[in-house]
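Worksheet: one structure, shown below.
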There are 2 protein chains.
Amino acid sequence: MGHTHTSTEMKLAKADALCSQKGLSLTPLRKRVLELLLEAGGPVKAYDLLAALKPDGTAQPPTIYRALDFLTQAGLAHRVEALNAYLACVHGHGDEIAELFICENCGTVREQHAPALPDHTPEGFEISRSVLEHYGRCAQCSTT
Amino acid sequence: MGHTHTSTEMKLAKADALCSQKGLSLTPLRKRVLELLLEAGGPVKAYDLLAALKPDGTAQPPTIYRALDFLTQAGLAHRVEALNAYLACVHGHGDEIAELFICENCGTVREQHAPALPDHTPEGFEISRSVLEHYGRCAQCSTT
DNA sequence: GGGCGTTATGTAATAATATGACATCACGCA
DNA sequence: TGCGTGATGTCATATTATTACATAACGCCC
Ligand SMILES: [Zn+2]
Ligand SMILES: [Zn+2]
Ligand SMILES: [Zn+2]
Ligand SMILES: [Zn+2]
């Protein structure tokens with residue numbers, strides 16, 4: 001059994017624990033979608049996930065969008081806004097939020113934490129959600 | 001003649017100047033789209049712009065997407081990724097990039113500058129474009 | 001065990017957003 | 001004038017996402 005597979009299983013187990021702790025139910029369908037995201041190791045489009053769920057094409061869009069909504073709400077995945085794609089979250093976030101560095105050459109995404117309150121937030125503005133995405137070339141791709 | 005109108009005209013004149021300086025041509029169509037964005041004073045959807053361009057519904061999508069591409073390339077407008085909407089840029093950016101604070105209650109957007117190189121950028125990552133959007137409640141809407 | 005509310009899923013239809021491909025037009029320039 | 005280039009017009013289609021309603025699964029009370 002390869003390393004990736006084992007790692008995926010561990011992450012799924014962690015997700016299970018996190019969900020039951022929060023009173024959320026990580027159903028087989030939702031878990032399967034998270035597994036697909038983890039296996040992909042990068043951003044995946046909703047319709048690609050849909051096709052992977054049911055290769056015969058019988059799964060309908062709401063199936064995948066509902067699962068993705070759940071996962072993003074639960075903090076187990078992020079939506080990459082400028083790609084219309086979804087990404088498994090690689091580490092729980094507390095107060096901090098996700099900041100993504102997306103390589104346009106090789107497609108890899110590096111996820112980091114960023115402070116919930118950016119510098120120079122306008123006086124009185126209450127942030128409920130932030131989108132922090134940087135596009136460019138990763139170190140690997142820059143040198144070639 | 002009201003203040004808003006005058007201000008829009010001034011901004012259009014500035015845009016004209018900026019374009020000729022850069023060797024870009026702010027054609028009537030492109031200028032009209034920018035004018036619509038300026039008049040709206042906030043994010044507008046592509047198909048709404050399209051409808052405004054030709055209320056009889058004869059304008060086709062590529063018309064508006066091409067104009068928006070031009071305006072965003074020229075730095076005269078921004079795409080608000082998480083809204084699928086477009087926004088006139090209220091001030092030229094040099095090296096700095098746009099950071100948007102979007103009120104989900106009243107729809108107003110506050111645009112600020114942010115440094116092109118965020119803290120903790122991964123070693124060697126070359127950023128070509130960043131998306132910085134914060135959603136929440138503005139000061140006005142927080143107090144009510 | 002039988003009703004019953006709640007949550008999750010299945011399914012069909014459609015809406016909303018965006019692009020590709022090719023024709024035509026306008027304009028500067030040899 | 002003829003040509004090359006950039007801009008626009010137009011038709012078709014692709015991609016992304018939601019609404020609405022039916023069904024299923026499950027716990028809970030009786
Ligand atoms: Zn994350
Ligand atoms: Zn790369
Ligand atoms: Zn701007
Ligand atoms: Zn507000």
Side-chain angles (χ1 to χ4, degrees), chain A residues 15-16 19-20 22-37 40 43-74 76-87 104 107 129 131 133 135, chain B residues 15-16 19-20 22-37 40 43-74 76-87 107 129 131 133:
Chain A
D16 258 329
C19 281
S20 50
K22 289 198 200 177
L24 303 173
S25 70
L26 189 61
T27 63
L29 175 60
R30 292 163 175 174
K31 195 167 183 172
R32 176 71 182 126
V33 173
L34 179 55
E35 187 179 22
L36 288 168
L37 287 175
V44 192
K45 302 265 186 178
Y47 275 70
D48 291 343
L49 289 168
L50 196 53
L53 267 186
K54 281 243 194 177
D56 60 357
T58 60
Q60 299 295 310
T63 301
I64 194 66
Y65 284 106
R66 287 191 288 227
L68 290 169
D69 280 352
F70 173 87
L71 294 172
T72 52
Q73 293 282 129
L76 296 168
H78 299 297
R79 177 178 154 81
V80 187
E81 294 291 345
L83 293 182
N84 291 339
Y86 302 82
L87 179 71
E104 292 176 302
R129 182 172 86 96
V131 177
E133 300 174 2
Y135 294 83
Chain B
D16 257 330
C19 282
S20 49
K22 290 198 200 176
L24 303 173
S25 71
L26 189 62
T27 63
L29 175 62
R30 292 163 174 174
K31 194 167 182 172
R32 175 71 183 126
V33 173
L34 179 55
E35 185 179 23
L36 288 168
L37 287 175
V44 191
K45 302 266 187 177
Y47 276 69
D48 291 343
L49 289 168
L50 195 53
L53 267 186
K54 281 243 195 177
D56 60 358
T58 60
Q60 299 294 310
T63 302
I64 194 67
Y65 284 106
R66 286 191 288 228
L68 289 169
D69 280 352
F70 173 87
L71 294 173
T72 52
Q73 293 282 129
L76 296 168
H78 300 296
R79 176 177 155 83
V80 187
E81 294 291 345
L83 293 182
N84 292 339
Y86 302 83
L87 180 70
R129 183 172 85 97
V131 177
E133 300 173 2

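In what follows, chains carry the letters A, B, and so on, assigned in the order in which the sequence lines appear, proteins first and then strands, with residues in each chain numbered from 1. Heavy-atom basis, side chains included; hydrogens, waters and symmetry copies ignored.
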* Asked: Is it true that a side-chain atom of A:Lys45 and a backbone atom of A:Leu83 form a donor plus acceptor pair closer than 3.5 Å?
  -> yes
* Asked: So, do B:Arg30 and B:Cys19 sit near enough that their side-chain heavy atoms are less than 4.5 Å apart?
  -> no
* Asked: Closest to the B:Thr27 side chain: D:dA7, C:dT9, D:dT10?
  -> D:dA7
* Can you see which heavy atom on B:Pro43 is nearest to which on B:Gly107, and at what distance? => CD-O, 3.8 Å
* Asked: Do the side-chain N or O atoms of B:Ser25 get closer than 4.0 angstrom to the phosphate oxygens (OP1, OP2) of D:dA7?
  -> yes
* **Nucleotide D:dT8, atom C1' - distance to CG of B:Leu71 in whole Å** => 15 Å
* State, to 0.1 Å, how close B:Thr72 and B:Asp69 come at their nearest heavy-atom pair, and which atoms those are. => OG1-O, 3.0 Å
* Asked: Where the side chain of B:Ser20 meets the backbone of B:Asp16, is there a donor-acceptor pair that is under 3.5 Å apart?
  -> yes
* Can you check whether A:Leu87 reaches A:Leu37 side chain to side chain, under 4.5 Å on heavy atoms? -> no
* Asked: How close or far is atom P of D:dT18 from atom CG of A:Leu68, stated in whole angstroms?
  -> 11 Å
* To do: Kindly say whether A:Val131 contributes a backbone atom to a donor-acceptor pair with the side chain of A:Glu81 at under 3.5 angstrom?
  => no
Could you list, one pair per line, each protein nitrogen or oxygen that sits under 3.5 Å from a nitrogen or oxygen of nucleotides 16-19 of chain C, together with the distance?
| residue | atom | partner | partner atom | Å |
| --- | --- | --- | --- | --- |
| C:dT17 | OP1 | B:Lys45 | NZ | 2.7 |
| C:dA18 | OP1 | B:Arg79 | NH1 | 2.6 |
| C:dA18 | OP1 | B:Arg79 | NH2 | 2.9 |
| C:dA18 | OP2 | B:Tyr65 | OH | 3.0 |
| C:dA18 | N7 | B:Tyr47 | OH | 2.7 |
| C:dA18 | N6 | B:Tyr47 | OH | 3.4 |

* Asked: What is the distance, rounded to the nearest whole Å, between atom CD1 of A:Ile64 and atom P of D:dT15?
  -> 17 Å
* Rounded to the Å, how far apart are A:Leu50 CG and C:dG10 C1'? -> 12 Å
* Asked: Atom NZ of B:Lys54 to atom P of D:dT8: distance rounded to whole Å?
  -> 13 Å
* Expressed in angstrom and rounded to an integer, what is the separation of A:Arg32 atom CZ from C:dG10 atom P? -> 14 Å
* Asked: For the side chain of A:Glu133 and the backbone of A:Ala82, is there at least one donor-acceptor N/O pair under 3.5 Å apart?
  -> yes
* **Under 3.5 Å donor-acceptor pair, B:Arg66 side-chain atoms to D:dG9 base atoms** => yes
* Whole angstrom is fine here: how far is it from NZ in A:Lys31 over to C1' in C:dT9? => 18 Å
* How long is the line joining CG of A:Leu24 and P of C:dT6, in whole Å? -> 18 Å
* Asked: Along nucleotides 25-30 of chain C, 5' to 3', which nucleotides get a B, which get an S, and which get a -, given that the test is a protein heavy-atom distance under 4.0 Å?
  -> ------
* Please check the phosphate of D:dT10 (OP1 and OP2 only) for any side-chain N or O of B:Thr58 closer than 4.0 Å. => no
* Go through the side-chain N and O atoms of B:Tyr86 and B:Arg79 and say whether any donor and acceptor fall under 3.5 Å apart. => yes
